[in-house]
Amino acid sequence: MPYDHRKDHRNTHRKILTLAGSLVACAALAGCGGTAGSAGTAGTAGTAGSVTPQRTADAKATGSPTPEPTPEPTRAQAARPLSGRTIVIDPGHNPGNFQHSREINQKVDIGTGRKECDTTGTSTDAGYTEAAFTLDVSHRLRDLLKAQGAKVVLTHDAERPFGPCIDERARTGNTARADAVVSVHADGSATGHRGFHVILPALVTSGSADTTKIVGPSRTLGEDIARHFARATGSAPANYLGSGTGLDVRKDLGGLNLSNVPKVFVECGNMRDPKDAALLTDAAWRQKAAQGIADGIGTYLKG
């Protein structure tokens with residue numbers, strides 16, 4: 001039979017139209033089994049937070065559920081990394097304790113024995129009190145933590161005439177089910193004794209005290225705070241205890257013994273040493289101290 005060019009041309013034209021229609025359908029379905037990076041998956045492969053058709057097909061083939069997209073953190077979440085966390089700040093002592101010696105000398109149970117409800121704290125030679133220092137740093141610390149989304153509870157804000165007692169301070173953290181508790185202090189050691197240290201709870205199982213569950217996490221919290229405190233303030237760990245680590249373990253503090261949530265004391269410096277006192281009385285340095293504590297808490301809570 002003679003070769004019919006017109007018939008061949010019509011057949012070829014129909015094949016081209018059929019192929020074109022198939023390609024359009026594939027594009028509409030976001031790829032016909034094409035591999036990642038091919039024309040069939042262009043525009044979907046590698047998209048953040050998406051599930052590619054290939055991954056869905058693989059999941060179906062193995063009988064596994066289709067993987068959920070991994071959500072990207074929003075800007076608000078990134079800016080407030082401590083949202084949902086509760087932190088208790090315990091400003092050491094109370095400015096009113098000086099006028100209530102009888103009340104604060106009453107003894108309370110701390111598990112390992114009985115100890116005074118509270119004390120007046122120390123002061124610099126010029127009369128700047130530890131109670132004033134701790135409240136100032138605690139306010140700065142509160143503001144830094146709240147800016148990161150944390151719920152912050154203070155054991156007191158000098159709104160009461162004295163106290164609270166050390167057992168009540170511990171209960172505040174327990175009742176709040178705090179993720180971390182930090183008690184802010186300054187030391188009253190001898191001249192020449194310089195630097196900061198962080199006091200950690202010892203293992204205590206006596207009477208109403210049981211620190212079994214908090215010893216480990218409290219140490220991690222303390223180590224994080226010590227590292228960031230040194231970095232933020234430029235201060236060195238205490239040269240008179242802790243063997244240069246900036247860490248000290250004690251079992252005679254009711255605020256630690258009676259806590260059932262991670263808790264540490266931060267002794268920011270020695271008020272009785274002139275060089276340390278010059279730092280503690282400087283507002284700019286106190287802001288650095290608060291920043292160092294906040295950074296340490298943040299590192300601990302982020303794991």
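Residue numbers count from 1 along this sequence.
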So, using ring pair (Phe, Tyr, Trp, His ring centres under 6.0 Å) as the criterion, who are the partners of H193 when residues are at least two apart?
Y240

Check: A209 main-chain N/O paired with S206 side-chain donor or acceptor under 3.5 Å
no

Identify the two heavy atoms, one from A131 and one from P95, that lie closest to each other, and give their separation to 0.1 Å.
CB-N, 3.6 Å

In chain order, what residues pass the ring pair (Phe, Tyr, Trp, His ring centres under 6.0 Å) check against F265, with sequence neighbours excluded?
H185

Who pairs with D136 by salt bridge (charged side-chain N to carboxylate O under 4.0 Å, His left out), at least two apart in sequence or on another chain?
R140, R286

Using the side chain to side chain donor-acceptor pair (under 3.5 Å) rule, pick out the option among D109, D167, N257 that qualifies with S208.
D109

Applying the 4.5 Å side-chain criterion to the ILVMFWY set and letting contacts propagate, would I89 and I297 be lumped into a single cluster?
yes

For Y300 against D224, the heavy-atom pair lying closest together:
CA-OD2, 3.3 Å

So which heavy atom on G92 is nearest to which on R169, and how close?
CA-NH1, 4.3 Å

Only one of D210, T212, T211 passes side chain to side chain contact (heavy atoms under 4.5 Å, CB included) with I214; say which it is.
T211

Applying salt bridge (charged side-chain N to carboxylate O under 4.0 Å, His left out), can you list everything that pairs with R114, at least two apart in sequence or on another chain?
none

Between side-chain atoms of residues 144-155 and protein atoms elsewhere (two or more places apart, or another chain), which donor-acceptor pairs fall under 3.5 Å?
from : atom 1 : to  : atom 2 : distance (Å)
T155 : OG1    : D90 : OD1    : 2.6

Applying salt bridge (charged side-chain N to carboxylate O under 4.0 Å, His left out), name anything that partners D143, two or more places apart in sequence or on another chain.
none

Ring pair (Phe, Tyr, Trp, His ring centres under 6.0 Å) against F196, all qualifying residues, sequence neighbours excluded:
F229

Provide the closest heavy-atom pair for P274 versus T191 in the form atom of the first, atom of the second, distance.
CD-CG2, 3.8 Å

Restricting to non-hydrogen atoms, name the atom on A186 and the atom on L280 that form the minimum distance, rounded to 0.1 Å.
CB-CD1, 4.4 Å

The criterion is side-chain contact (heavy atoms from CB on, under 4.5 Å); which residues satisfy it with A170, sequence neighbours excluded?
L258

Show me the pairs that pass disulfide bond (SG atoms under 2.5 Å apart) and involve residues 151-198, at least two apart or across chains.
C117-C165

Restricting to pairs with a member in residues 249-260, which pass salt bridge (charged side-chain N to carboxylate O under 4.0 Å, His left out), not counting sequence neighbours?
K115-D252, R250-D252

Any sub-3.5 Å donor-acceptor pair from D179's side-chain atoms to T86's backbone N or O?
yes

Which atom pairs, donor and acceptor, lie under 3.5 Å between side-chain atoms of residues 98-107 and protein residues at least two apart or in another chain?
from : atom 1 : to   : atom 2 : distance (Å)
N105 : ND2    : S101 : O      : 2.9

Dump the intermediate steps for salt bridge (Lys or Arg N to Asp or Glu O under 4.0 Å) on E223 and R219, then the final yes or no.
CA-CA 6 Å; E223 290 173 346; R219 172 168 284 275; 3.6 Å; yes

D187: salt bridge (charged side-chain N to carboxylate O under 4.0 Å, His left out) partners, not counting sequence neighbours
none

